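Accompanying notes for the structure given below.
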There are 2 protein chains.
Amino acid sequence: MQAMSDAKKDKQSSHVPVHPDERMARLVRLAARGFNRALQLRLQTENVTFGQWIFLRILWQEDGLSQRELSDRAHLTEPTAHTALIKMEELGYIERRNVDGNKRRQHAFLTKRGWALRDVLEPLALEVNDAAMAGLSVKAQDDLRNALSVMIRNLENDEHDAAARGVRVPPTKGNTAN
Amino acid sequence: MQAMSDAKKDKQSSHVPVHPDERMARLVRLAARGFNRALQLRLQTENVTFGQWIFLRILWQEDGLSQRELSDRAHLTEPTAHTALIKMEELGYIERRNVDGNKRRQHAFLTKRGWALRDVLEPLALEVNDAAMAGLSVKAQDDLRNALSVMIRNLENDEHDAAARGVRVPPTKGNTAN
DNA sequence: GCATTAAAGATAGATATCTAATATTAGATG
DNA sequence: CATCTAATATTAGATATCTATCTTTAATGC
C-alpha cells in the first residue's frame, strides 16, 4: 500500500463519497468556509470580528449610511446590524447620529479610529485573497468569477420564484460548513 | 437615463463598489448563501433543518458512524453533532447505540423513517443543483469545480501554516452572508 | 391639520453554532 | 494488574445570527 500524501493525512479530506446532488454546493460552502476562517484568523489579531469587518468594509466605501442601508448592503438583518453597530460605537470605530433633522434614521459615521483600521485590515484581506488564488491563472480566476456570478443569479431567481409562489424565505442561519 | 433591468430592481444587487481584496471571497460567500437558502427553502417543507440534512446525507452513505466520525465528516464540532443527533433521535430519524460492547462510542443508525427521507430529500437537492447550474456548460462546471478545489486546498494550507505558527484557529461562526 | 399608514429602529426571544470544562471508558505502560 | 493517558461523549455557557413584536417618527390622504 502506498504512503499517504500530505493532503490525505488531514482528517478533513473526505473518506466519504459525496452526493452527486451536493457536489458543487459542498465545494462552494467549503470555499466560503475557507475564506471566512482565513480572514477571521487574521482579524482576530486586531480584535475585529468578521461582522465588524463586513460593516467597516462597507463604510470605508460609503460612509454615513443608515442602519437600514447597511443591513441591506451586508445582507444581514436589522437587529444584527443594530447590535453590531452599537458594539462598534462602543469600540470607537463609528459614531451613530441623525442627519437633516430626521430622527428616524440612524446613520453611521466612521471615526478617526475606524478609518485607521482600514490601513491595517485591508492588507490582511489581500493576503487571504492572494493565498486563495495561488496556482490559478488570471483567466481561470476570471472564469471562476463569471461562473460564480451565474450561479448566484440562478439561485437568486430560484428564491424569487419561490417567494412569488408564496413560500416563506427561510433564515440564512449560520452554516458555512460542509 | 435607461430603465433598470429586472435584476437591478432587487435591493440585494450591489450599488456598492466591492473591495478588490474581497471580490472573490464575496462571490464565494454569496454563492454558498444561495445554495443554503435554496436548499433550506425546500427542506423546510419537509420539516428538516439544514443541519439534519447534513447528517442524513452522510448517514445515507455510511450508516452507523460514531458521533465523532459524523462531526468530522460534517465539519462541525462534537457538541453541535451531539445536539443535532439527539434531536434526530427524538424525531425518529436515527437510533443511537453502542457497538461491540464499546460504551464510549455512540453510533448513529438510520431508522426506516430516516431511510425513507432519502427519497423525498435527494430530489430537492438535485433541484437546487440544476437550478444553480443553468446556463453553465459541462466544461464550465468542471473548471469551476477544479478552481474551487484549488482554492479550498490553498486556504486549508493557509490555516495549517497559521496553526503551525501557533495561531489559534478561530470559530467558523455562522456568517454565510456577504 | 388631523388621522392613518408606512418606515426605521429597538427590543425580546429562539436557534445553531462555537469553546471550555467535565465525566466516563478504553488502551498503554511500568 | 493498577495507574496513567488518550479518546469519546456530554454539559454549560458564549456568540452571532435569525423572527416577531413594539415604539417612534415621517409621509400621505381626506
Side-chain angles (χ1 to χ4, degrees), chain A residues 11 29 32-33 36-37 39-41 43-44 47-55 65-90 96-108 168-178, chain B residues 11 29 32-33 36-37 39-41 43-44 47-55 65-90 96-108 168-178:
Chain A
K11 79 172 97 159
R29 288 188 203 113
R33 183 172 174 275
N36 287 347
R37 291 178 73 98
L39 184 59
Q40 284 179 269
L41 207 58
L43 291 179
Q44 80 180 347
N47 268 304
V48 171
T49 68
F50 183 80
Q52 289 164 11
W53 157 262
I54 294 291
F55 290 111
L65 290 174
S66 70
Q67 175 178 301
R68 162 50 81 101
E69 288 166 330
L70 280 165
S71 59
D72 279 354
R73 303 275 199 285
H75 297 281
L76 294 169
T77 61
E78 286 175 64
T80 301
H82 180 70
T83 50
L85 293 171
I86 292 283
K87 183 71 185 185
M88 288 168 74
E89 183 164 45
E90 271 174 43
R96 284 154 27 92
R97 66 167 190 272
N98 301 129
V99 168
D100 294 338
N102 187 326
K103 282 186 278 188
R104 214 159 39 165
R105 289 192 167 84
Q106 278 289 355
H107 296 259
R168 264 283 265 21
V169 177
T172 309
K173 292 273 178 54
N175 20 245
T176 305
N178 227 264
Chain B
K11 78 172 96 160
R29 288 189 203 111
R33 182 173 175 274
N36 287 347
R37 292 177 72 98
L39 185 60
Q40 284 179 271
L41 206 59
L43 291 179
Q44 81 179 347
N47 268 305
V48 171
T49 68
F50 183 81
Q52 290 164 11
W53 157 262
I54 294 292
F55 290 110
L65 290 174
S66 71
Q67 175 178 302
R68 163 51 82 102
E69 289 166 330
L70 280 165
S71 58
D72 279 353
R73 304 273 200 283
H75 298 279
L76 293 169
T77 61
E78 287 172 61
T80 301
H82 181 70
T83 50
L85 293 170
I86 292 283
K87 183 71 187 187
M88 287 168 74
E89 183 163 45
E90 270 174 43
R96 285 154 27 92
R97 65 166 191 270
N98 301 129
V99 168
D100 294 337
N102 187 326
K103 283 186 277 187
R104 211 157 43 163
R105 289 192 168 84
Q106 279 288 356
H107 296 258
R168 267 284 265 21
V169 177
T172 310
K173 293 274 177 53
N175 20 245
T176 305
N178 229 264

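What you see below is based on every heavy atom in this structure, not just the backbone, and it leaves out hydrogens, waters and symmetry mates. Letters go in sequence order (proteins before strands), and every chain restarts at 1. Only a predicted model underlies this, so the values are computations on that prediction, with no experimental measurement involved.
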Q) Which is true for B:Gln106 with a 4.0 Å heavy-atom rule: it touches a base, it touches only sugar-phosphate, or it touches nothing? A)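 Sugar-phosphate only.
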Nucleotide of [options] approaching [X] most closely (side-chain heavy atoms):
| X | options | result |
| --- | --- | --- |
| B:Arg68 | D:dA9, D:dT25, C:dC18 | D:dA9 |
| B:Thr49 | D:dC18, C:dA16, C:dA8 | C:dA16 |
| A:Arg104 | C:dA7, C:dT25, D:dA20 | C:dA7 |
| B:Lys103 | C:dA26, C:dT17, C:dA8 | C:dA26 |
| B:Thr80 | D:dT8, C:dA8, C:dC18 | C:dC18 |

**Q.** Rounded distance (Å) that lies between atom C1' of C:dG9 and atom NE2 of A:His107
**A.**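 It is 12 Å, rounded to the nearest whole Å.
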Q. Expressed in angstrom and rounded to an integer, what is the separation of B:Leu85 atom CG from D:dT8 atom P?
A.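 Interatomic distance, CG of B:Leu85 to P of D:dT8: 15 Å.
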Please state whether the phosphate of [N], meaning OP1 or OP2, lies under 4.0 angstrom from any side-chain nitrogen or oxygen of [X].
| X | N | result |
| --- | --- | --- |
| A:Arg96 | C:dA10 | yes |
| B:Arg105 | D:dT8 | yes |
| B:Thr77 | C:dT17 | no |
| A:His82 | C:dG9 | no |
| B:Gln67 | D:dT10 | yes |

**Q.** From CA spacing to verdict: side-chain contact (heavy atoms from CB on, under 4.5 Å), A:Arg73, A:Ile54
**A.** CA-CA 9 Å; A:Arg73 303 275 199 285; A:Ile54 294 291; over 6 Å; no
**Q.** Residue that, paired with B:Gln67, satisfies side chain to side chain donor-acceptor pair (under 3.5 Å) out of B:Gln106, B:His82, B:Arg105
**A.**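 So the option named by the test is B:His82.
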Q. Do side-chain atoms of A:Asn98 reach the backbone of A:His107 as a donor and acceptor pair under 3.5 angstrom?
A.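 No, A:Asn98 side chain to A:His107 backbone: no donor-acceptor pair under 3.5 Å.
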Q: Rounded to the nearest 0.5 Å, what's the gap from CE on B:Met88 to CG on B:Leu70? Could you check?
A: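 If we round to the nearest 0.5 Å, B:Met88:CE and B:Leu70:CG are 8.5 Å apart.
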Q: Hey, which sits more toward the 5' end of DNA chain D by its nearest nucleotide, A:Pro79 or B:Glu78?
A: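 Its nucleotide being nearer the 5' end, the pick is B:Glu78.
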